[in-house]
Amino acid sequence: MTNRLKKIFAVVIPASAVLAAGAAWFVTRLPASSFEKTGSQEEPSAQLVARGEYVSRLTDCVACHSVPGGAAYTGGLKMVTPMGAIFATNITPDRETGIGAYTLADFDRALRSGVAKDGHRLYPAMPYPSYAKLSDDDVKALYAYFMKGVPAVHLENRKSTIPWPLNMRWPLAFWNVVFAPSDVYRPDTSKDAQWNRGAYLVEGAGHCGACHTPRSLAFNEKGTDSHSAAFVSGALIDGWFAPSLRNDANTGLGRWSEDDVFRFLKTGRNDHAVVFGSMTEAFNNSTQFFSDDDLRAVAHYLKSLPGNAQRDGTPWQYEPTQAKALQPAGRQGIPGAQTYMAKCSFCHGADGRGQGQWVPPLAGAASSLVPDSSSSINVTLNGSGRVVAAGVPDSYRMPSYREQLSDGEIADVLTFVRSSWGNRQPPVAKGDVKKLREQTVPASSSPVILKTR
């Protein structure tokens with residue numbers, strides 16, 4: 001070995017050792033918590049526990065940490081990723097299988113930083129990049145609720161099916177540095193109090209971006225707040241296309257008023273739409289329980305987000321031409337029209353306009369105007385889940401047609417719907433229907449409904 005190589009190795013090897021040690025420290029360290037110096041907690045007041053229960057509605061923890069037929073917050077929900085399946089965990093105060101041994105600081109690290117008590121990193125399917133914006137007061141209240149307001153249930157957690165080495169979680173420490181916000185919500189002083197409350201709920205507690213914001217190849221949300229044009233601009237998730245929550249006239253809330261948004265979140269329906277797909281669970285256990293002031297704040301904030309006319313296209317206008325083609329003399333030559341008349345028109349109308357707030361229109365619906373047909377296919381194949389408003393199950397529910405219609409028939413009827421009454425989307429592919437038929441199951445008529453005190 002030459003002297004030159006000896007000198008290089010003399011520098012490189014120690015430097016590499018230092019870098020390796022630094023990296024090992026970084027990926028195994030516990031993030032800081034504002035509650036680190038908080039000593040043993042006094043028995044929380046009933047008011048604090050009640051406040052935490054409300055925060056749990058804002059954050060909708062039950063949606064992921066409960067399954068039909070299971071006890072609330074005991075986990076088990078399967079979430080499929082390109083690498084394998086992961087399962088939501090037990091977050092009841094059981095000391096062995098849940099979070100009963102967590103201190104307030106431990107709870108804070110898991111909630112806002114994505115690091116469990118034993119130091120392992122949580123997958124960002126847990127929306128800690130959004131929860132990072134929660135205030136200390138809300139974190140403290142939520143902790144009080146889970147420790148004193150939720151029954152402890154001993155139920156072992158299910159292991160993920162992600163194979164080694166893909167299941168190593170330490171790289172998430174570096175992912176978090178690049179993609180996960182770490183600061184609590186800071187009010188925008190140029191906006192009023194209602195807007196800021198809405199921003200806190202949408203960007204933080206409600207984690208709306210987790211479903212409604214498109215993701216990059218690294219699985220990060222492309223935007224996390226109102227400063228990004230990609231934030232809540234619509235995204236595909238779990239076989240559903242979560243529409244834009246921005247003021248896009250076709251694929252978003254451009255034709256909705258603030259009152260329309262409020263009514264949708266409060267009652268699950270308005271003249272434009274009825275909740276379906278993943279939004280059903282969010283409504284059943286979360287948004288309908290928001291205070292009216294909070295719902296008004298959410299609506300006010302969302303209506304402030306500009307749309308993107310270039311992406312959204314020419315604003316939709318109703319055209320009755322296709323409705324005329326449904327008449328007996330003209331429908332034979334239109335694939336899907338006869339199926340629509342036989343299976344869909346009684347509820348949604350021959351004109352596609354629906355039945356007010358009870359049955360949503362298909363003419364001009366976001367699901368009919370977005371290029372991605374996943375939601376249209378999914379709800380036709382599997383029907384919609386039960387909407388439970390103010391404790392009362394709905395009477396009108398989209399049925400599953402997977403046993404009645406073939407892949408080709410569903411593709412034809414959806415092609416008709418998505419190209420009628422002013423809707424202008426390309427044909428639905430039979431192969432896309434086949435794929436979702438294999439990957440999805442019919443919606444349950446027995447939804448998860450969290451019952452609290």
Side-chain angles (χ1 to χ4, degrees), residues 49-68 70-75 77 79 88 91-92 111 125-131 133-135 138-139 141-143 145-146 149-150 185 197-213 232 235 237-238 240 242-243 245 253 260-270 273-302 384-394 443-444 446-453:
V49 174
R51 171 64 188 176
E53 181 180 309
Y54 181 68
V55 176
S56 78
R57 293 295 194 182
L58 299 179
T59 52
D60 196 17
C61 307
V62 71
C64 289
H65 290 278
S66 304
V67 294
Y73 300 123
T74 53
L77 181 70
M79 290 172 276
I91 57 171
T92 72
L111 186 68
M126 158 63 173
Y128 61 84
S130 298
Y131 291 160
K133 296 185 179 184
L134 289 174
S135 68
D138 278 352
V139 173
L142 195 60
Y143 178 74
Y145 169 65
F146 274 106
V150 174
Y185 178 75
R197 178 61 178 172
Y200 175 78
L201 294 171
V202 172
E203 298 174 6
H207 60 282
C208 304
C211 289
H212 291 271
T213 300
V232 294
I237 180 169
D238 294 335
W240 300 97
L245 300 182
L253 305 178
D260 289 333
V261 178
F262 171 84
R263 193 178 311 115
F264 183 78
L265 297 175
K266 183 73 173 178
T267 68
R269 58 186 73 242
N270 60 25
V274 175
V275 295
F276 73 102
S278 302
M279 190 62 197
T280 306
E281 289 96 25
F283 168 77
N284 282 346
N285 287 296
S286 182
T287 66
Q288 67 172 303
F289 296 98
F290 286 27
S291 69
D292 285 0
D293 285 346
D294 276 351
L295 286 181
R296 295 286 183 192
V298 169
H300 181 65
Y301 170 78
L302 290 177
S384 59
R386 182 75 66 193
V387 178
V388 183
V392 180
D394 62 351
S444 172
S446 301
V448 174
I449 301 295
L450 175 63
K451 295 181 180 180
T452 58
R453 297 169 287 105

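Everything quoted here is computed from the prediction, not taken from an experiment.
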Counterpart residues, salt bridge (Lys or Arg N to Asp or Glu O under 4.0 Å), relative to Asp260 (two or more places apart): Arg263
Over all heavy atoms of both residues, which pair between Ile91 and Phe146 is shortest? Give the atoms and the distance, please. O-CD2, 3.5 Å
Contacts of type salt bridge (Lys or Arg N to Asp or Glu O under 4.0 Å), residue Arg269, not counting sequence neighbours: none
Does some side-chain heavy atom of Asn285 sit less than 4.5 Å from a side-chain heavy atom of Arg57? yes
Using the test ring-ring contact (aromatic ring centres under 6.0 Å, His included), find all partners of Tyr131 that sit at least two apart in sequence or belong to another chain. His207
Under 3.5 Å: donor-acceptor pair, side chain of Tyr185, backbone of Glu203: no
Could I get the full list of salt bridge (Lys or Arg N to Asp or Glu O under 4.0 Å) partners for Asp292, not counting sequence neighbours? Lys266
Partner set under ring-ring contact (aromatic ring centres under 6.0 Å, His included) for Tyr200, not counting sequence neighbours: none
Nearest 0.5 Å, what's the OH-CG distance between Tyr301 and Leu201? 10.5 Å
Which heavy-atom pair separates Gly52 from Leu142 by the least distance, and what is that distance? O-CD1, 3.6 Å
Given 3.5 Å as the limit, does a donor-acceptor pair link the side chain of Ser66 with the main chain of Ala63, or not? no
Of all heavy-atom pairs linking Gly268 and Phe283, the shortest is N-CE1, 3.1 Å
What's the shortest heavy-atom distance between Thr92 and Ala72, and which atoms? CG2-O, 3.7 Å
Any donor-acceptor pair under 3.5 Å from Glu53 side chain to Tyr145 backbone: no
Set out, in order, the CA-CA distance, both residues' side-chain angles and the distance that settles side-chain contact (heavy atoms from CB on, under 4.5 Å) for Met279 and Thr287, then state yes or no. CA-CA 10 Å; Met279 190 62 197; Thr287 66; 4.3 Å; yes
d(Asp394 CG, Thr280 OG1) to nearest 0.5 Å is 9.0 Å
Here the pair of heavy atoms bringing Asn284 nearest to Arg386 is ND2-O, 2.9 Å
Interatomic distance, CG@Asp138 vs OH@Tyr54, rounded to 0.5 Å, equals 9.5 Å
How about Val62 and Tyr73: do any of their side-chain heavy atoms sit closer than 4.5 Å? yes
When you measure from the side chain of Ser130 to the backbone N and O of Gly204, does any donor-acceptor pair fall under 3.5 Å? no
Just verifying a value: how many Å separate Cys208 SG and Asp60 CG, rounded to the nearest 0.5 Å? 10.0 Å
Could you work out, with ring-ring contact (aromatic ring centres under 6.0 Å, His included) as the rule, every residue matching His212, not counting sequence neighbours? none
Measure the spacing between CZ of Phe289 and CG of Leu295 and express it to the nearest 0.5 Å. 11.5 Å
For Cys211 and Ala235, which heavy atoms make the closest approach, and how far apart are they? O-CB, 3.5 Å
